[in-house]
Amino acid sequence: MSGNKSDAKVTASRRNFLKAGIAGSAAVTLAPLHPALAAAREPTPDSPPSDISPFELDELTISDLQDGMKSGRFTARSLVEKYSHRIDEIDKHGPAINSVIELNPDALSIAAALDQERKVKGPRGPLHGVPVLIKDNIDTADRMMTTAGSLALVGSKPAKDSFVAEKLRAAGAVILGKTNLSEWANIRSSHSTSGWSGRGGLTRNPYALDRNPCGSSSGSGAGVSANLCAAAIGTETDGSIVCPSSSNGIAGIKPTVGLVSRSGIIPISHSQDGAGPMCRTVRDAAIMLGALTGVDPRDSATTNSQGKSSTDYVQFCDPAGLKGARIGVARKYFGFNDAVDALMEQSLDAMKKQGATVIDPEDIETLGKFDNSELIVFMYELKSDLNSYLATLGPNAPVKTLKDIIDFNERNKQKEMPYFGQDLFLKAEAKGPLTEKAYLDALENNHQLARTEGIDATMDKYHLDAIVAPTGGPAWLTDLVNGDHVAGGSSNAAAVAGYPNINVTAGFISGLPVGISFFGRAWSEPTLIRLAYAFEQATKARQPPRFLPTIGTGY
């Protein structure tokens with residue numbers, strides 16, 4: 001669900017920024033946090049390039065769409081038509097974001113049936129008739145494929161919906177299509193380019209088309225930001241929801257492992273994988289999260305969510321939610337970019353003004369001590385979990401094992417490996433079963449250092465409600481020759497622990513969005529949503545993308 005760029009030692013990657021490998025550009029400029037102060041410097045919502053036509057649904061929230069359907073201004077069918085047209089106009093043509101890998105050929109008929117149901121019975125809930133996109137590693141038992149962006153799985157049509165797809169359909173959402181991603185969720189190669197897949201090609205960042213959307217949920221992040229859907233689903237193993245949310249200027253929630261079922265999702269690591277909402281606002285993300293929760297017999301981890309989950313996270317969206325909160329600052333995640341540090345200082349000031357107590361620094365003392373063990377766990381679990389998933393596809397599956405995928409890639413090098421190889425796949429294939437001591441020791445190390453001695457110990461020591469840090473830096477230039485150029489980030493502690501993490505846009509640097517992460521204990525989504533929503537409402541930093549060819553003097 002999100003791959004890790006690593007060799008013998010986990011290094012800075014396009015996904016989880018475990019090390020601050022490359023310093024930020026000295027030429028970046030810092031946008032003031034508050035939009036009123038930023039107006040003279042940063043792009044404004046009403047100033048897209050002249051060749052991009054205005055769009056009726058730009059920046060509309062899920063509630064806005066519901067109000068429109070209630071009043072008769074919209075129908076679910078008309079929303080599908082409008083978003084589909086916009087995808088053709090700017091995703092496949094025009095700036096060609098290339099975030100959508102496949103449209104659902106049944107979306108119009110599904111929407112029409114939901115319109116009729118609304119007339120007869122009323123709406124099922126806040127997602128009734130709302131078009132959403134889901135990542136192309138999430139199974140749908142319909143006329144769409146599920147390929148993880150790989151040509152090796154072209155033609156693969158699972159017999160059963162993933163639990164996520166089941167829940168979305170039950171809530172009345174219209175699955176409009178599937179989004180492109182970093183192939184195999186960025187776990188194939190330690191030198192990959194995020195947003196590229198053999199099947200889908202390259203997804204571009206809608207703020208500057210030569211910049212990277214981050215991965216692995218690249219298409220979900222770019223598509224939501226570009227207003228190609230109301231909301232999207234991404235997946236994360238380490239950073240693949242929060243990083244593209246940061247780089248594309250949206251809100252993203254990486255839930256506690258087990259809050260949202262992973263059944264029917266092409267896996268990397270059952271100890272870290274998760275699916276979650278990616279939306280333009282925290283409130284929309286809360287709506288989506290509530291629709292996804294529930295115990296699933298196909299995913300044993302969800303049994304731990306009993307009594308700890310909710311079907312209504314909107315109740316925690318309190319604009320005064322920062323008042324009285326204790327926020328810890330993980331300073332070890334700072335220092336990779338001076339402009340990002342300055343933006344974070346403004347963010348901390350905004351929290352203080354809203355009544356939060358900021359404990360600074362409050363560092364997780366174990367950071368850096370679980371980097372190698374995280375990679376070891378990935379390599380073991382990737383082989384085991386992926387082989388198990390492929391077995392569910394039945395005897396007609398195009399590939400049946402990780403070894404089959406490796407062989408397919410070798411036979412199809414020109415299409416599958418024109419820019420980077422599959423060194424991580426080869427390392428995973430060489431691993432033994434999950435009973436081996438090396439795996440068991442690495443997994444125990446991860447949980448001890450990231451959970452007990454990590455996030456839990458830190459929050460206990462300082463009596464914290466959440467920990468904050470920069471999610472990452474401004475989007476880097478896409479480089480298909482050398483791979484990703486990631487500067488820094490903060491996803492790994494929450495990811496290795498299996499704990500929740502929420503990204504919210506903090507501001508802009510040279511016209512590029514930068515996010516701040518709120519993370520904390522297991523099952524603390526209500527608290528994190530309350531804090532993230534209050535921060536979002538106090539700062540209102542989100543600005544729509546302008547689809548610039550590059551960042552220059554015109555931002």
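All residue numbers refer to positions in the sequence shown, counting from 1.
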* Sub-3.5 Å donor-acceptor pair from the side chain of T147 to the main-chain atoms of G149, do we have one? -> yes

* Do the side chains of L289 and V260 get nearer than 4.5 Å, heavy atoms only? -> yes

* Go through the side-chain N and O atoms of S99 and D91 and say whether any donor and acceptor fall under 3.5 Å apart. => yes

* Asked: Would you say R283 has more than 12 foreign heavy atoms packed within less than 6.0 Å of its CZ?
  -> no

* To do: Provide the closest heavy-atom pair for K254 versus V242 in the form atom of the first, atom of the second, distance.
  => CB-CG1, 4.4 Å

* **Sidechain-backbone polar pair: S240 side chain, T237 backbone, donor-acceptor under 3.5 Å** => no

* Partner of L153 by side chain to side chain contact (heavy atoms under 4.5 Å, CB included), out of L393, I405, N137 -> L393

* Structure fact -> Closest heavy-atom pair, I138 versus S162, reported as atoms and distance to 0.1 Å, is CG2-OG, 3.1 Å

* When you check the gap from the basic side-chain N to the acidic O, do R542 and E59 get nearer than 4.0 Å? -> yes

* Assess whether salt bridge (Lys or Arg N to Asp or Glu O under 4.0 Å) is satisfied between R188 and E183, documenting all intermediate values. => CA-CA 7 Å; R188 198 188 85 190; E183 186 178 303; 2.9 Å; yes

* If you take all heavy atoms of L168 and M288, which pair is closest and at what distance? -> CD2-CE, 4.1 Å

* Where do I233 and S220 land on the side-chain contact (heavy atoms from CB on, under 4.5 Å) test, with the steps shown first? -> CA-CA 7 Å; I233 302 295; S220 296; 5.8 Å; no

* Just checking, is any N or O donor in the side chain of D296 or S261 under 3.5 Å from an acceptor N or O on the other one? -> yes

* Mind listing the closest non-hydrogen atom pair of T203 and A222 along with its distance? => CG2-CB, 3.9 Å

* Exam field: side chain S225 to backbone G221, donor-acceptor pair closer than 3.5 Å -> no

* Does atom NZ of K92 have more than 12 heavy-atom neighbours, drawn from other residues, nucleotides or ligands, at distances under 6.0 Å? -> yes

* Would you kindly say whether T146 and K178 are connected by a side-chain donor-acceptor distance under 3.5 Å? => yes

* When rounded to the nearest 0.5 angstrom, what distance separates CG in L292 from NZ in K167? -> 8.0 Å

* To do: Answer yes or no: is there an ion pair linking K135 with E236, defined by an N-O contact shorter than 4.0 Å?
  => no

* Hey, what do you get for CD1 (I266) to OG1 (T392), rounding to the nearest 0.5 Å? -> 9.0 Å

* May I ask you to decide if G321's main-chain N or O and R530's side chain share a donor-acceptor pair within less than 3.5 Å? => yes

* Do C229 and V132 pass the side-chain contact (heavy atoms from CB on, under 4.5 Å) test, and can you show the C-alpha distance, the side-chain angles, and the key distance before you say yes or no? -> CA-CA 6 Å; C229 59; V132 301; 5.7 Å; no

* Heavy-atom distance under 4.5 Å between the side chains of T293 and Y313, does that happen here? -> yes

* Hey, does M278 have a side-chain heavy atom less than 4.5 Å from the side chain of N248? -> no

* Is there side-chain contact between V154 and P398, with at least one heavy-atom pair below 4.5 Å? -> no

* **Side-chain heavy atoms of L127 within contact of I287, under 4.5 Å** => yes

* Asked: Is it true that a side-chain atom of R124 and a backbone atom of A170 form a donor plus acceptor pair closer than 3.5 Å?
  -> yes

* Structure fact -> dist M351:CE -> L322:CG (nearest 0.5 Å) comes out at 6.5 Å

* Structure fact -> Nearest heavy-atom contact between P277 and A285 is CG-O, 3.4 Å

* Please lay out, stage by stage, how R262 and V257 fare under the test side-chain contact (heavy atoms from CB on, under 4.5 Å). => CA-CA 9 Å; R262 290 84 51 85; V257 170; 3.6 Å; yes

* Asked: Cut-off 3.5 Å, side chains only: do T61 and D284 have a donor facing an acceptor?
  -> no

* Side chain of T140, backbone of D142: donor and acceptor closer than 3.5 Å? -> no

* Structure fact -> When rounded to the nearest 0.5 Å, the distance separating CG of D106 from CG of L176 is 12.0 Å

* **Any side-chain heavy-atom pair of P267 and L386 under 4.5 Å** => yes

* Asked: What's the verdict on side-chain hydrogen bond (donor to acceptor under 3.5 Å, both in side chains) for T256 and E525, showing C-alpha distance, side-chain angles and the deciding distance?
  -> CA-CA 8 Å; T256 304; E525 283 82 359; 2.8 Å; yes

* Asked: Under 3.5 Å, side chain of S305 to main-chain N/O of L259, donor-acceptor pair present?
  -> no

* With distance as the sole test, does E381 use its side chain to make a donor-acceptor pair with the main-chain N or O of H270 at under 3.5 Å? -> yes

* Asked: Heavy atoms, side chains only, cut-off 4.5 Å: are I529 and I253 in contact?
  -> yes

* pair Y389-P158: side-chain heavy atoms closer than 4.5 Å -> yes

* I would like to know whether E166 and K160 meet salt bridge (Lys or Arg N to Asp or Glu O under 4.0 Å); could you show each step before the answer? => CA-CA 9 Å; E166 285 181 3; K160 183 177 176 61; 3.1 Å; yes

* To do: Say whether, by atom type as modelled, one donor and one acceptor occur between the side chain of S218 and the main chain of G195 under 3.5 angstrom.
  => yes

* Asked: Can any side-chain N or O of S194 pair as donor or acceptor with the backbone N or O of C214 at less than 3.5 Å?
  -> no

* Gap separating the OG atom of S490 from the CG atom of N501, nearest 0.5 angstrom -> 6.0 Å

* Asked: Can you tell me how far CG of N212 sits from CG of L480, rounded to the nearest 0.5 angstrom?
  -> 9.0 Å

* Any donor-acceptor N or O pair under 3.5 Å, side chains D210, T550 -> yes

* L151 versus K415, closest heavy-atom pair with distance -> CD1-CB, 3.7 Å

